[in-house]
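Right, I'll just put the structure down here and ask away after.
Letters A, B, ... are given to chains in the order of the sequence lines, protein chains preceding strands, and every chain is numbered from 1. Only this structure's heavy atoms are used, side chains among them; waters, hydrogens and symmetry mates stay out. The structure displayed is predicted, hence computed values, not measured ones.
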Amino acid sequence: MPIEIPTLNVIALAPQIVVVVTALVVMALDISLTDKRVVGYVSLLGLAAAAVVTFALLGGPAQAIQQMAVSDGYALVLNLVFIVTAALAILVALGYLDERELQHGEYYALLLFSTAGMMLMAAATDLIVVFMGLEIMSVALYILAAFNHRQVGSGEAGMKYFILGAFASAFFLYGVALLYGATGSTNLHAIGEWFSPDRGNLGDPLALVGLGLLLIGFAFKVAAVPFQWWTPDVYHGAPTSVTAFMSVGAKAAGFAALVRILMVSFDQAFTLDWQLVLAVLAVLTMTVGNIAALAQKDVKRMLAYSSVAHAGYILVGVVPATMTGVKGVLFYLMAYAFMNIGAFAVIAVLEHRDAIGTALSDYAGLSTRKPFLALAMAVFMFSLTGIPPFVGFWGKLYVFRAAVEANMSWLAVVGVINSAISAFYYLSVVVQMYMRTPTDETAAAPALRLSGPVVVTLALALVATVVLGLWPTPLVNLTALGIFG
Amino acid sequence: MINQVPVSYYLLLGAILFSIGAGGVLIRRNAIVILMCVEMMMNAVNLTFIAFSRYLDSATGQIFVFMVMAVAAVEVAIGLALLVELNRHKQTVNIDEINSLKG
């Protein structure tokens, strides 16, 4: 067998490399610095550099290493989603970790490694690279979830996330193995070619089982029903700054790889089969997430179930397998990053001891105690419900429109009904904040302190949610660049 | 002529090992045994990869196995570290007793 000299185009992976190098610099600085907050600011600088590099690459698609990864519009737009997510999560962490005396440099290094893994998943065009990206992301997240070593709930969250994550990875791997056996390749384009109609391989049972196992692995990662039961415990136990990061980042990365695999490799093969499966999953995910969220008395847990429901809304955009759907998914992920991290930033402020102060009753009369905080939370809740003129409305509009265009109006109808159900629990937070007087217990709680970074996070998320809601054109134009190379 | 082992035997063994591992994760309550079961699932996948690699006469499968082995080692390290950390709070490795998060 002759050995081919691999083509290497490092520039195509420059954003990932910048993030990894920043993480290494952060680890080195962590040793020499006593004030670990500086490390956080250095991480932000690194992310800004990665964003600049991403914009610079937006010219045309470039293959990276032997068609293993690509920097096309799709990967680059998702890079921006991950960078925004990581930057907002770091800002939340700067304040949150300080108050709990958990300010360690490793936190930022792990968060950056996780971000690099997410970016690799979005760029991957080979199942090996998808797997590596998935593991780089997940392993860092397992540690981050268990980061609060003083509290048993955090360790428990890390352990649960780890066991179920590794379990899901094994299913994903088995799916890859069977696909490899059926098609003889792990390259997404090669698999797609193998399924082209003239090759007569449609409906191959081995490949079908492989795809099914692959979907199980992804359903775990994006918290879709029936693999959603880890979500509330992990999101509840993990430090709030970590929950904010992984609720958006891990979901976006899972969808990034899933959409590319379905669109590139399985465009022709079993389209009807997987579309039906994903449509059923979308309906179940939305409904189960929303109904479970209705019963929650704890805002952090409620948002965990709501994130399950949002995975369902995003799936609605995946099902049609059209470019309209892909753009809708990209828009939704970016919108979700702003509104969801904003909401978790508010929770991080109110949480005065670990996982205490997150109950719904703790929000009673917040509008009189901290008007700005209450206003921000209200906007995020309205946006998550999908009420215009906030950005969440456009996100839902675009994914539902993709379903309608693909003659799946029933799916959009289910989505709208679910949004109506979700209004009930989102608005109950607003009711608590504006129409209830503080209880004696809440009044006795320590005064709320708004640290500088948290104010910046809230302001950024608030401005993005409102401005992109009133004027979504820039974001629409950005997602229009999200094409496969 | 030497009788060769057909590829389907390896695949079947891989499937059986994977099922035992998956069953173990769901049934066993000892966190360390669960870790071992996850490892077993990964190695079942490795066996499948190598069988296919040999059958297809392609090196990709074997390269993938190296990646999986490295990742499996990382996962064990992380898993045991998390378990030691958790064991400091609760002197147990039984996952039924690790139940402070509910609701």
- Take B/V74 and A/E135 through the side chain to side chain contact (heavy atoms under 4.5 Å, CB included) test and state the conclusion after the steps. CA-CA 9 Å; B/V74 170; A/E135 287 302 317; over 6 Å; no
- Among A/G155, A/G158, A/A170, single out the residue with the greatest number of heavy-atom pairs under 4.5 Å to chain B.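 Top option by heavy-atom pairs under 4.5 Å: A/A170.
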- Between B/F52 and A/L178, does a side chain to side chain contact (heavy atoms under 4.5 Å, CB included) hold up when you go through it step by step? CA-CA 9 Å; B/F52 276 133; A/L178 296 185; 4.2 Å; yes
- Between chain B and each of A/G237, A/G181, A/G165, A/P232, count heavy-atom pairs under 4.5 Å; write down the option with the most. A/G181
- Message: Is any side-chain heavy atom of A/M132 closer than 4.5 Å to one of B/V71?
- Response: yes
- Message: Is there a side chain to side chain contact (heavy atoms under 4.5 Å, CB included) between B/L35 and A/F162? Walk through the geometry before answering.
- Response: CA-CA 10 Å; B/L35 263 180; A/F162 165 74; 3.3 Å; yes
- Message: Would the distance check show the side chain of B/H89 and the main-chain N or O of A/E156 forming a donor-acceptor pair, the cut-off being under 3.5 Å?
- Response: no
- Task: Please look at A/A292 and chain B and tell me whether the side chain, the backbone, both or neither of the residue comes under 4.5 angstrom of a heavy atom of that chain.
- Result: neither
- Neighbours of chain A found in residues 77-87 of chain B - heavy atoms under 4.5 Å: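 Residues in range: B/I78, B/G79, B/L82, B/L83, B/E85, B/L86.
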- For the student: nearest non-hydrogen atoms of A/A166 and B/M42, plus distance: O-CE, 4.3 Å
- With a 4.5 angstrom heavy-atom cut-off, could you sort out which part of B/A31 is near chain A: side chain, backbone, both or neither?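 For B/A31, the contact with chain A is made by the side chain alone.
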- Query: Does atom CZ of B/R54 have more than 12 heavy-atom neighbours from other groups under 6.0 Å away?
  - Reply: no
- Query: Can you say whether B/V7 sits under 4.5 Å from chain A via the side chain, the backbone, both, or neither, judging by heavy atoms?
  - Reply: neither
- Could you look at B/F49 and say if it's the side chain, the backbone, both or neither that has a heavy atom under 4.5 Å from chain A?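 Answer is both: backbone and side chain atoms of B/F49 are under 4.5 Å from chain A.
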- If you draw a 6.0 Å radius around CD in A/E101, do more than 12 non-hydrogen atoms from other residues or ligands fall strictly inside? no
- Checking A/Y180 side chain against B/G61 main chain: does a donor-acceptor pair fall under 3.5 Å?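 Looks like yes, one N/O pair under 3.5 Å.
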- Where on A/K297 is there a heavy atom nearer than 4.5 Å to chain B: the side chain, the backbone, both, or neither? neither
- Item | Any A/V176 side-chain heavy atom under 4.5 Å of B/V45 side chain |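 Of all side-chain heavy-atom pairs linking B/V45 with A/V176, none is under 4.5 Å.
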- Item | Pairwise side-chain contact, B/E75 with A/S138, heavy-atom cut-off 4.5 Å (strictly under) | no
- A/F167 vs B/I34 side-chain heavy atoms within contact, under 4.5 Å: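 They are not in contact (no side-chain heavy atoms under 4.5 Å apart), so the answer is no.
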- Tell me, for A/M159 versus chain B, whether the close heavy atoms (under 4.5 Å) come from the side chain, the backbone, both or neither.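 Backbone plus side chain of A/M159, per the 4.5 Å heavy-atom cut-off to chain B.
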- In terms of heavy-atom proximity below 4.5 Å to chain B, should A/L206 be classed as side chain, backbone, both, or neither? side chain
- Item | Exercise: identify the closest heavy-atom pair between B/L56 and A/G184 | CD1-CA, 3.6 Å
- Item | Region of A/F131 that comes under 4.5 Å of a non-hydrogen atom in chain B | side chain
- A/L164, part contacting chain B, at a heavy-atom distance under 4.5 Å: neither
- Rounded distance [0.5 Å steps], CE in B/M67 versus CG in A/L173: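 Rounded to the nearest 0.5 Å, the CE-CG separation comes out at 12.0 Å.
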- About how many Å separate CG of A/N187 and OG1 of B/T60, when rounded to the nearest 0.5 Å?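 So the gap between those two atoms works out to 9.5 Å.
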